Amino acid sequence: MNKGEEEKKTMMKKLIPNKQIVLSHYVTGYPKESDFGLRSSTTSCTLSHGSTSSAVLLKNLYLSCDPYMRHRMSDHISHSGTIVQSFTSGSVVVGYGVSKVIESTHPRFKEGDFVWGMIGWEEYTLITTPDSLNKINFTDVPLSYYAGILGMPGIAAYAGFHKICYPKEGDCVYVSSASGGVGQLVGQFAKLMGCYVVGSASTKEKVDLLKHKMGFDEAFNYKEEHDLGSALRRYFPQGIDIYFDNVGGHMLDEVILHMKVHGRIALCGMISQYNIEKPEGVRNMFSLITKQIEMKGFVENDFGHVYPELVELCIKYLQEGKLVYVEDIAQGLENAPSALVGIFYGRNVGKQVVCIAKE
């Protein structure tokens, strides 16, 4: 073995100071900032450029705060087939994010590349299964978009609406939690198809945003509606063709009664249920039979194949000004717990993202 080959096989050891957000303990009820801790640690990175294994070391730039993460904060019994497992108490929180490659032994990634995927809530993450990462090729939009419209929320919105609800022009579409990272996209996708779209949100500011910036036909503050059924009849006198559900619980139960025959319901999230110990039941299921309604739950992991379609469509419409995306960006890793907790109280306006480092 010559000197060059020996150098290629040399193990390069790094010890990098690394601040991390950990889940201090499992959570019951609404999460609090005190459920998390900020830990000063180091990341030991040993990349062997001569081995058959591959890894990438990432500098993390943006963290995505998503409602599903609340489910992972509780100590759930793992059921067969469940893909959303609990976090490990005392360990680093994990979620979707955007990062920059600072070292790589994987042939698909090189130093300086930008990627998005599952990362730790920390300054640096060592990924030993890089094939799970998505390389970012289009950088003429804010990189934070890959934690939202061009990332997991975008796939959820696109797949849930187009592949689960199979919409057509003229459909009457209702979107709950409509100003969030997924809902705002579903409403705009529907408008681009020529649908009539109504969204609900938790504040007047969000309602105004839906109607005046995102182009929804109507929107209402569900907290001000003492009778949800009356509100739905007001906005959908002929009934609802498509319901994109981000809320679950009482909202879902009431909407079922107002669906048209052959209506379609996409179950994307259940934010009303994540923080209660005894989930609310849905009582109006018989209407699914009598109205021949299709209701289906889904996860974006099953729709990775549509990602190129999503990127092509969103880039085109963003450039043409036909699609807008509203973000709520918090600054600093230490503020990530507050940002995540805030989405369960409706404090965010738009997709909640945390910027933890500059590009």
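Note that the structure is predicted; figures quoted are calculated from it, not measured. One is the number of the first residue; the rest follow in order along the sequence.
Shown here is H212, whose NE2 atom has more than 12 heavy atoms of other residues, nucleotides or ligands within 6.0 Å.
Relative orientation of the Y30 and Y345 rings is tilted, given thresholds of 30° and 60° on the angle between their planes.
The backbone N or O of W116 lies less than 3.5 Å from a partner atom in the side chain of N134, making a donor-acceptor pair. No donor-acceptor pair closer than 3.5 Å links the side chain of N284 to the backbone N or O of S287.
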Going by atom type alone, with no hydrogens or angles, which donor-acceptor pairs under 3.5 Å involve a side-chain atom of residues 142-149 and a protein atom two or more places apart or on another chain?
unit_1: S144; atom_1: OG; unit_2: E327; atom_2: OE1; d: 3.2
unit_1: S144; atom_1: OG; unit_2: E327; atom_2: OE2; d: 2.7
unit_1: Y146; atom_1: OH; unit_2: F138; atom_2: O; d: 2.5

Between side-chain atoms of residues 182-200 and protein atoms elsewhere (two or more places apart, or another chain), which donor-acceptor pairs fall under 3.5 Å?
unit_1: Q184; atom_1: OE1; unit_2: V326; atom_2: N; d: 2.9
unit_1: Q184; atom_1: NE2; unit_2: G180; atom_2: O; d: 3.2
unit_1: Q184; atom_1: NE2; unit_2: V326; atom_2: O; d: 3.1
unit_1: Q188; atom_1: OE1; unit_2: V324; atom_2: N; d: 2.9
unit_1: Q188; atom_1: NE2; unit_2: Q184; atom_2: O; d: 3.1
unit_1: Q188; atom_1: NE2; unit_2: V324; atom_2: O; d: 2.8
unit_1: K191; atom_1: NZ; unit_2: C195; atom_2: O; d: 3.4
unit_1: K191; atom_1: NZ; unit_2: D217; atom_2: OD1; d: 3.0
unit_1: K191; atom_1: NZ; unit_2: D217; atom_2: OD2; d: 3.0
unit_1: Y196; atom_1: OH; unit_2: Y235; atom_2: O; d: 2.9
unit_1: S200; atom_1: OG; unit_2: Y174; atom_2: OH; d: 2.8

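Inspection of the N60 and S99 side chains reveals an N or O donor paired with an N or O acceptor under 3.5 Å. A side-chain N or O of D245 and one of Y243 form a donor-acceptor pair less than 3.5 Å apart. Checked by atom type, the side-chain pair E254/H258 shows a donor-acceptor distance below 3.5 Å. Judged purely by distance below 3.5 Å, without hydrogens or angles, the side chains of R70 and S74 pair a donor atom with an acceptor atom. In this structure, a donor-acceptor pair under 3.5 Å is present between the side chains of K351 and S64.
The existence of a salt bridge linking R234 and E225 is confirmed by a sub-4.0 Å separation between a basic side-chain nitrogen and an acidic carboxylate oxygen.
Remark: Q20 pairs with R39, E122 by the side-chain hydrogen bond (donor to acceptor under 3.5 Å, both in side chains) rule, at least two apart or across chains.
The side-chain heavy atoms of I293 and I265, taken from C-beta on, include a pair separated by under 4.5 Å.
Hydrophobic clustering of Ile, Leu, Val, Met, Phe, Trp and Tyr side chains at less than 4.5 Å, counting indirect connections, keeps V92 apart from V354.
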* To do: Could you check R264 against D171 for salt bridge (Lys or Arg N to Asp or Glu O under 4.0 Å), going step by step and ending with a plain yes or no?
  => CA-CA 11 Å; R264 289 85 74 199; D171 276 344; 2.8 Å; yes

